[in-house]
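A short worksheet on the structure shown next.
Quantities reported herein were computed from a predicted structural model and do not represent experimental measurements. Computation of the quantities below employed the complete heavy-atom set of this structure, encompassing side-chain atoms and omitting hydrogens, waters and symmetry-equivalent molecules.
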Amino acid sequence: MQRTAVPTGLRPRAAPAVAAVLTVAAGLSVRSVLGGDLAKYAGDALYALLIFWLVLVVAPRTRGWVAALVAFGVSVAVELFQLTGVPAELGAHSTLARLVLGTTFNTPDLPFYAVGAALGWALHRTARAARAGRSLARRRASGRRTAPSSGV
């Protein structure tokens, strides 16, 4: 019995894709609802979180900690790219470029990228653990053998 209408090849990408869309919505909402530094730094964390989800959309078998490192690395690289002035020039002509690349380097942004990447890793681990628990419960309910418990 098939549980969902999502094709098998797209199933591992569906959850991170939905999470990415929700992250974009949260990022846009934070900027419109909150103000000042709270909105800015929440936006930085959400930027790294979005990259985390996109890594999992592109490469769904990537381990969570690897996706977190990539998200943090890309976020820092984009922040450093702002030192060149190119993103500011592009942002002057394109709202999309301004949203994706930012315009001005700001050192305090860096720890918030780490927060967003770590949040992605934690959410990913939690979701995987919940899925594994449901899977184990289904196997036990159906009478299929499960691996012996290590007692830990």
Side-chain angles (χ1 to χ4, degrees), residues 1-82 87 95-103 105-152:
M1 180 171 120
Q2 188 172 0
R3 296 178 347 160
T4 179
V6 178
T8 304
L10 296 179
R11 277 189 206 141
R13 291 177 167 88
V18 169
V21 169
L22 293 174
T23 301
V24 169
L28 295 173
S29 298
V30 161
R31 288 293 217 163
S32 65
V33 173
L34 301 174
D37 287 344
L38 181 60
K40 181 187 180 345
Y41 296 127
D44 291 339
L46 289 168
Y47 182 86
L49 181 60
L50 173 62
I51 295 170
F52 177 89
W53 296 128
L54 293 177
V55 168
L56 293 177
V57 168
V58 172
R61 291 181 172 221
T62 304
R63 292 181 179 264
W65 67 269
V66 172
L69 285 177
V70 170
F72 178 68
V74 168
S75 300
V76 169
V78 169
E79 190 72 25
L80 292 173
F81 184 49
Q82 293 170 0
T95 301
L96 181 60
R98 190 170 59 254
L99 289 172
V100 172
L101 300 175
T103 56
F105 177 81
N106 188 25
T107 304
D109 291 349
L110 301 176
F112 291 96
Y113 295 139
V115 168
L119 176 61
W121 178 67
L123 291 170
H124 185 255
R125 276 186 64 125
T126 301
R128 286 182 57 111
R131 261 194 320 272
R134 285 192 306 270
S135 177
L136 179 61
R138 277 195 301 275
R139 283 194 309 270
R140 285 183 177 159
S142 70
R144 286 188 264 162
R145 283 197 68 183
T146 58
S149 175
S150 65
V152 175

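Contact check for His124 versus Leu56: side-chain heavy atoms found under the 4.5 Å cut-off. Within the 4.5 Å cutoff, no side-chain heavy atoms of Leu123 are placed close to those of Trp121. Put simply, the side chain of Val74 does not reach to within 4.5 Å of the side chain of Phe52, judged on heavy atoms. The closest side-chain heavy-atom distance from Leu50 to Leu46 is not below 4.5 Å. Within the 4.5 Å cutoff, side-chain heavy atoms of Pro16 are placed close to those of Val57.
Between Gly102 and Pro87 the shortest heavy-atom distance is O-CB, 3.4 Å. Here the shortest heavy-atom pairing between Leu101 and Val78 reads O-CG1, 3.6 Å. Annotation for Gly120 and Leu49: closest pair CA-CD1, 3.3 Å, computed over non-hydrogen atoms. Heavy-atom minimum distance, Ala71 versus Ile51: CA-CG2, 3.5 Å. Taking each heavy atom of Arg31 and Lys40 in turn, the nearest pair found is NH1-CA, 3.9 Å. Scanning both residues, Ala42 and Val30, for their nearest heavy atoms gives CB-CG1, 3.8 Å.
Distance check: Arg63 CZ to Arg125 CZ gives 11.0 Å after rounding to the nearest 0.5 Å. Between the CG atom of Leu69 and the OG1 atom of Thr62 there is a distance of 11.5 Å, given to the nearest 0.5 Å.
Checking side-chain atoms of Glu79 against main-chain N and O of Asn106 turns up a donor-acceptor pair under 3.5 Å.
Under the 30°/60° scheme for interplanar angles, the aromatic rings of Tyr47 and Tyr113 are found to be tilted.
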Inset, instruction - Evaluate side-chain contact (heavy atoms from CB on, under 4.5 Å) for Tyr41 paired with Asp44, printing each intermediate quantity in order. - result: CA-CA 5 Å; Tyr41 296 127; Asp44 291 339; 3.4 Å; yes
